[in-house]
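Everything on this sheet refers to the single structure shown next.
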Amino acid sequence: MAKEFKRLDGRKVNEIREMEAKVGIVPNADGSAMFRFGDTIAIAAVYGPKEMHPQHSQDPSTGVLRCTYNMLSFSVSERIRPGPSRRSSEISKITEWALKPIIDIEQFPGTVVDVHIQIVQADASTRCAGINAAALALAHAGIPMRDLVSSISIGKLDKQLVVDVNKLEEDWEEGEGATDIPFAFTSQGNEVSLMQLDGKISMKEYKEAVKLAHEAIKKVYEVQKKALKDSIKDIGGED
Amino acid sequence: METSKLTINRIKEYLSQGKRFDGRKPEEFREIFIEKNISKKAEGSVRVKIGKTEVLVGIKLDVGEPYPDSKDKGNLITSAELLPLSSERFELGPPKIDAIELGRIIDRGVRESKFIDFEKLCIKEGEKVWTVYIDIYSINDDGNLLDAAGIGAIVALKNAKMPKYDEKEETVLFDEKTNTSVPLSDNIPFSITIRKIGNKFLVDPTIEEEDAEETRITMGVSKGDIMSSMQKGKETSLTIEQVSEALDLAEKAWKTNWPKIEKFLK
């Protein structure tokens, strides 16, 4: 691997864009948060546990986690037709799967915990930003959790692995082109709860990507943790 | 019918002793049966059976406008329907998340591997390109519809012949098929889904095994160890070591099962 790989925005290969997280941004919600990677901004709001509607979706043995991911129509250059798409349905589902391992809602049978994620501004890695915001919003809502979830994307630009791809990198065309590899990890448990891949990579390189993501996740987790602590300070609690 | 807890526990118990109900090894698929040209009107079509699981995959082509971000490339649209005919678990109505996810996983496998040469599907840049439709229907669900659909997609594409296009009239003559195949590369994505049941990993589950699984990882694997697509499904997380183990099993499964599929691609 080349030692000096120039990224388009001057970042080092393992450098994440500027991150920002804020908890408590939607007063009506039981919990809410914003998470930003550079120009990618996601907000999430949690409502619940509340009675599940439609009633036939109720599970008498446990509470249900229900995530909805959506991009605002003006969040990208070319307007997105509002409403659910196949892409957003799939991302909603994998977000649910990414978060479920840490959520403990068996004790609320018949209820649903709704997590609404909206992408306000998109510059790639939107599902990762969405998951990071959602994990914070769940914690803010006081949903019983065993851990936090932190998410990051790894990119392979030609042959070089990089952390946290932006849109320009996502459209990389030289050499082997761009490969997009989003991950989510349970923040302290170090378990992988989301893996996807678009592009081309060998099994061996993929294992390196897992390690790289695992390192990067720690920085995401620190930002999330700080945002949660700050939210307690804001209401006058002790750190 | 849902698999009983008793059966699921028995499956796990067997697996912990390294055994499957039907005696297969972890990396072994059930018998794969492939029948081509099952529908004359389709440009390409195939029936894939893996054990008792069966899917039909058809390819249709049509001429349309390119997408604004790929003016000189053809289009691909993949969709899947889980027919109520194929299992009492499937209901009528608009596609639910299972069907949407299935379609998207297969689409990603075909698209990202660059198996289809989309540039060769351009008729007139910015105006007219071929759209390839891959349509997947379940006929009998006895587990692993995912890989059955993935295998069906690559064989049906290989089997497809372009219809004639009348440039003057700007119409597609669907009943006059040419001898031209769809432009394809040798990067053929073999869909392999690794399933985790307890602490064991395996491929090609029966429906009972699928009901026992905690998580699955679908990969599009070409040439033995190149992955172009991946999706982890279901809500159980994996350790980093387990991710490695899953990749190793996928490599092994490719070696074992690819020859059985490759012979239908000639």
Side-chain angles (χ1 to χ4, degrees), chain A residues 64-67 76-78 84-103 146-147 149 156 171 176-186 189-211 213-215 217, chain B residues 67-69 77-80 94-105 107-109 111-114 187 189 192 194 214-252 254:
Chain A
V64 173
L65 180 70
R66 184 166 63 187
C67 298
V76 285
S77 310
E78 208 159 310
S85 64
R86 283 154 51 103
R87 174 181 179 275
S88 66
S89 307
E90 186 192 44
I91 295 181
S92 300
K93 197 69 204 174
I94 59 121
T95 299
E96 236 167 70
W97 287 332
L99 294 166
K100 191 67 213 314
I102 57 157
I103 303 293
R146 297 181 201 102
D147 197 347
V149 161
K156 186 171 141 289
D171 297 336
E176 292 181 7
T179 298
D180 185 18
I181 324 168
F183 286 99
F185 282 74
T186 58
N190 301 313
E191 296 203 346
V192 185
S193 64
L194 174 125
M195 291 195 285
Q196 286 184 302
L197 164 68
D198 277 47
K200 183 184 180 189
I201 192 167
S202 72
M203 302 258 178
K204 193 166 156 269
E205 286 169 314
Y206 189 86
K207 290 178 188 174
E208 280 172 38
V210 177
K211 278 188 211 150
H214 185 221
E215 276 308 306
I217 280 304
Chain B
Y67 290 113
D69 60 349
I77 296 175
T78 312
S79 48
K96 298 187 181 64
I97 181 64
D98 292 354
I100 293 172
E101 195 201 8
L102 173 60
R104 284 185 61 85
I105 288 177
D107 186 279
R108 196 174 291 140
R111 190 184 299 273
E112 296 296 329
S113 62
K114 305 202 164 59
N187 266 321
I192 301 175
I194 303 293
E214 291 135 35
T215 195
R216 58 170 153 80
I217 310 166
T218 304
M219 293 164 241
V221 185
S222 50
K223 298 178 176 171
D225 76 329
I226 304 294
M227 294 188 288
S228 296
S229 58
M230 174 187 283
Q231 173 121 317
K232 177 183 166 309
K234 301 200 177 174
E235 57 187 50
T236 301
S237 53
L238 296 164
T239 64
I240 293 174
E241 293 72 33
Q242 286 170 333
V243 172
S244 263
E245 196 183 329
L247 295 187
D248 293 343
L249 181 60
E251 227 177 313
K252 207 167 168 189
W254 190 91

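Predicted model, so just to flag it, every value in this text is computed and none were measured. A, B, ... follow the sequence lines: proteins, then strands. Residue 1 opens every chain.
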(message) I'd like to know if the side chain of B:Ser229 reaches the main chain of A:Asp198, judged simply by a donor and an acceptor atom lying under 3.5 Å from each other, with no hydrogens or angles considered.
(response) no
(request) For the pair A:Lys204 (side chain) and A:Glu208 (backbone), establish whether a donor and an acceptor sit closer than 3.5 Å, ignoring hydrogens and angles. (result) no
(message) Donor-acceptor pair, distance only, cut-off 3.5 Å: does the side chain of A:Glu191 make one with the backbone of A:Thr186?
(response) no
(message) Could you check whether any side-chain heavy atom of A:Phe183 comes within less than 4.5 Å of a side-chain heavy atom of A:Ile217, counting everything from C-beta outward?
(response) no
(message) I'd like to know if the side chain of B:Thr78 reaches the main chain of B:Gly103, judged simply by a donor and an acceptor atom lying under 3.5 Å from each other, with no hydrogens or angles considered.
(response) no
(message) Sort by residue number and list every residue of residues 214-223 of chain B having at least one heavy atom under 4.5 Å from chain A.
(response) B:Arg216, B:Ile217, B:Val221
(message) Heavy-atom cut-off 4.5 Å, strictly under: side chain, backbone, both or neither for A:Asn190 against chain B?
(response) backbone
(request) Check each atom of B:Pro68 against the heavy atoms of chain A and say whether the ones under 4.5 Å are side chain, backbone, both or neither. (result) side chain
(request) Name the member of A:Gly177, A:Gly199, A:Ser92 that forms the most heavy-atom pairs with chain B at distances under 4.5 Å. (result) A:Gly199
(message) Just so I understand: if I count every heavy-atom pair under 4.5 Å between each of A:Val210, A:Val192, A:Leu65 and chain B, which residue has the most?
(response) A:Val192
(request) Count the heavy-atom pairs under 4.5 Å between each of B:Ile240, B:Asp69, B:Thr236 and chain A, then report the option with the highest count. (result) B:Ile240
(message) Given heavy-atom pairs under 4.5 angstrom as the criterion, report whether the side chain, backbone, both or neither of A:Glu78 touches chain B.
(response) side chain
(message) Can you tell me which portion of B:Ile226 sits under 4.5 Å from chain A's heavy atoms? Options are side chain, backbone, both or neither.
(response) both
(request) Pick whichever of B:Thr239, B:Asp225, B:Ile105 has the most heavy-atom pairs under 4.5 Å with chain A. (result) B:Asp225
(message) Could you check whether any side-chain heavy atom of B:Pro189 comes within less than 4.5 Å of a side-chain heavy atom of B:Asn187, counting everything from C-beta outward?
(response) no
(request) First locate atom OG1 of A:Thr179, then atom NZ of A:Lys200, and finally report the distance between them rounded to the nearest 0.5 Å. (result) 9.0 Å
(request) Counting only heavy atoms closer than 4.5 Å, note whether A:Lys93 contacts chain B via side chain, backbone, both or neither. (result) side chain
(request) Show your working on side-chain contact (heavy atoms from CB on, under 4.5 Å) between A:Met195 and A:Tyr206 and close with a plain yes or no. (result) CA-CA 11 Å; A:Met195 291 195 285; A:Tyr206 189 86; 3.3 Å; yes
(message) Any non-hydrogen side-chain atom of B:Gln231 less than 4.5 Å from a side-chain atom of A:Glu90?
(response) yes
(request) Please lay out, stage by stage, how A:Cys67 and A:Leu99 fare under the test side-chain contact (heavy atoms from CB on, under 4.5 Å). (result) CA-CA 9 Å; A:Cys67 298; A:Leu99 294 166; 4.0 Å; yes
(request) Indicate yes or no: at least one non-hydrogen side-chain atom of A:Leu197 is less than 4.5 angstrom from one of A:Lys156. (result) no
(request) Check each atom of A:Ile94 against the heavy atoms of chain B and say whether the ones under 4.5 Å are side chain, backbone, both or neither. (result) side chain
